[in-house]
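Written below as structure tokens is the structure these notes are about.
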Amino acid sequence: MRWSKALIPTHKEDPSHAETTSHKLMLRAGLIRKLTSGVYSYLPLGWRVLKRIENIVREELDAVGCQEILMPVISPAELWEETGRWGVYGKELWRVKDRNGREFALGPTHEEVVTDIARNEINSYKQLPFTVYQIQTKFRDEIRPRFGVVRAREFTMKDAYSFHRDEESLDETYRAIYDVYSRIFDRCDLVYRPVEAATGAIGGSSSHEFMVLSDTGESEVIVCECGYAATSEQAEGVIADVMPVEEPGAMEEVATPGMKTIEEVAGFLKIDPWRLVKTIVYVADEEPVLAVIRGDREVNEEKLAGVLGADIIEAAPPAVIEKVSGAPVGFAGPVGLANVRQVIDRSVEPLRNIVVGGNKADTHIRNVNHGRDFTVASFEDIAQIGKGDACANCGKAMDSFRGIEVSQVFKLGTKYSDSMNATFLDENGKAKPFVMGCYGLGVSRTVAAVIEQHSDDDGIAWPMSVAPFEALIVALNNLKSDAVREAAEKLYEELKGLGVDTLLDDRPDSAGVKFKDADLIGIPVRVTIGDRGLDKGIMEVRLRKSGEKSEVPKENAGAEVLAIVNGLRG
RNA sequence: CGGGGCGUAGCGCAGUCCGGUAAGCGCGCACGGUUCGGGACCGUGAGGUCGGAGGUUCAAAUCCUCUCGCCCCGACCA
């Protein structure tokens, strides 16, 4: 491709609305342009990278016998109603109506559609197991699109689905896909880590996420020396006990005018935050629930939903809080609210003489003791675990890092086949539900992840495996110098003939502009052709990532570049 | 949705508090010329419903009301 004719619009300055490295660079290097919040066009450079990643994904999945298909973006509401997700998926499910008012979903994921195919087409255990996948544009009406392509409302995802006669077969495929993902991310030259994950709206029994390490990542991962690694939503751990031994005192009300937060109350009463116990009102599947936890800790809503067996859980609006506690927001407590379902965190168990909300305006209660002043059916684990907490396996203090979740694999079991009545006949002629797995991989997100790990102050430095071009020829002063122009054209044609994907910078711009742009767009191998070198009979080859330079005789530049590119192809 | 911020030329911004000079600056773009190995220089020029609607006023980018959009922090997830 000739740069003078290509749509590669670069910018000198950082875009004002971008925060993260990858978002800034994707905009500056002309990979993408925003249409509206969370919706992007891919320009030639971005589209080329996306396709290269797609092809890696294809190659690796095809190699283990997965079959590529393409399902519709649009699916009818009735299908989603079969599994209950028309309701459960919530506002994130992008809904549209046709001219007759019939409702459809723009697919955020395709369990329903693929299960529909399976129940119609697969009748016998002899046809199992099998795995299909597609690479497609997905739609999720995200609460908050962010970081460009990292959290978009329209994005490219590879989603695969496997069907099995039993759990053993599922385990096998799950393991195989897990290994395939490792190979895919290895080939993209990413530093990543698989971690235990929560199952969220997709559901199922077990799940792992592949996290690409990045300080700008949205997800926090909790890790332990012993090998344990999980997302912060999922992480299990032990919260250190800080309570000294104390005799229970007499419960008493204390006036705390206007003190709504833990910090305010702790400061006012001159006590440590852990001596307070906070009570947060949630609405779980439309029923109000109290979550009670030590004052210096946060509730993990994922865990709370698990304990409650609830599908949808959200912080209660003020009106509900006031109705439940009989007090303004900030003064709820477990004492005297036995009529509301309460979930008490394990961190509360060792505490004595705690301070809780008084369920009355401007009032807290001190010297409260569980068992005596409010009843606890059982202590549950609903706490958010973080860096420094003890590992549930080995007891060591855990660490944390941030990452971008590029893929997630789920063991779905029979969640979808049961609700959609998708069955096959086994050897005994008995109908059994498919055991399923599903495996997502964010392709567009992976583009951003690669940039996060492969860039410097000057711009992107693509790994050869996903680079939009393999080589860039920079022709200096090509407008005036016939020698340069001819040499550049010749090398360009030669490299094309040798199968090297090459971009020729034949723009009439100054050397500085071309070099800056070259660094920005990050093509791995750069060949500089100028009169100065040509007079010496050489061209300069420079590697973007290492900055390593070499001079090659101009006559065999083509062969030399091919050898270097081959070396980086891996 | 809660909290914070921002909409002025393709991009990055000033001007808004305190209404009034001809809507400005840098980059980019077009044309002419000089340059030519790390974002060159000179000259000329094009490009704006100041996000939108309504209002106040002799006068609105600037004040008021409503509205739309965008970004950041939190809840969601590939």
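Within every chain, numbering begins at 1; the chains are lettered A, B, ... in the order of the sequence lines, protein sequences first and strands thereafter.
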Taking the side chain as every heavy atom from C-beta outward, state whether [X] and [Y] have any atom pair closer than 4.5 Å.
X: A:Gln136; Y: A:Leu70; answer: yes
X: A:Val324; Y: A:Pro288; answer: yes
X: A:Phe163; Y: A:Leu170; answer: no

Base of [N], side chain of [X] - is there a donor-acceptor contact under 3.5 Å?
X: A:Arg151; N: B:C77; result: yes
X: A:Asp519; N: B:G38; result: yes
X: A:Arg28; N: B:G39; result: yes

Kindly write out the residues that satisfy salt bridge (Lys or Arg N to Asp or Glu O under 4.0 Å) with [X], not counting sequence neighbours, or none if the list is empty.
X: A:Asp285; value: none
X: A:Arg151; value: A:Glu142, A:Glu218
X: A:Glu489; value: A:Arg2

How would you label the contact of A:Asp14 with the nucleic acid (heavy atoms, under 4.0 Å): base, sugar-phosphate, or nothing?
sugar-phosphate
Answer with base, sugar-phosphate or nothing: what part of the nucleic acid does A:Val150 contact at a heavy-atom distance below 4.0 Å?
base
Identify all pairs in which a protein N or O lies below 3.5 Å from an N or O of nucleotides 40-46 of chain B, and state each distance.
| from | atom 1 | to | atom 2 | distance (Å) |
| --- | --- | --- | --- | --- |
| B:A40 | OP2 | A:Ser510 | OG | 3.4 |

Between [options], which nucleotide gets closest to the side-chain atoms of [X]?
X: A:Arg445; options: B:A75, B:A78, B:C76; answer: B:A78
X: A:Met157; options: B:G38, B:C76, B:A78; answer: B:A78
X: A:Lys516; options: B:G39, B:G37, B:G26; answer: B:G39
X: A:Ser444; options: B:A78, B:G38, B:G37; answer: B:A78

Output one line per pair: protein atom, nucleotide atom from nucleotides 67-71 of chain B, and distance, for all N/O pairs under 3.5 Å.
| from | atom 1 | to | atom 2 | distance (Å) |
| --- | --- | --- | --- | --- |
| B:C70 | OP1 | A:Thr36 | OG1 | 2.5 |
| B:C70 | OP1 | A:Ser37 | N | 2.9 |
| B:C70 | O3' | A:Lys34 | NZ | 2.8 |
| B:C71 | OP2 | A:Ser37 | OG | 2.9 |
| B:C71 | O4' | A:His17 | ND1 | 3.3 |
| B:C71 | O3' | A:His17 | O | 3.4 |

Show every donor-acceptor pair shorter than 3.5 Å between a side-chain atom in residues 34-43 of chain A and any protein atom, with sequence neighbours excluded, or say none if there are none.
| from | atom 1 | to | atom 2 | distance (Å) |
| --- | --- | --- | --- | --- |
| A:Tyr40 | OH | A:His23 | NE2 | 3.4 |

When you compare B:C31 with B:G24, how far apart are their P atoms, in angstrom units rounded to a whole number?
25 Å
Atom-to-atom span, CD of A:Glu218 to C1' of B:C72 - whole angstrom
13 Å
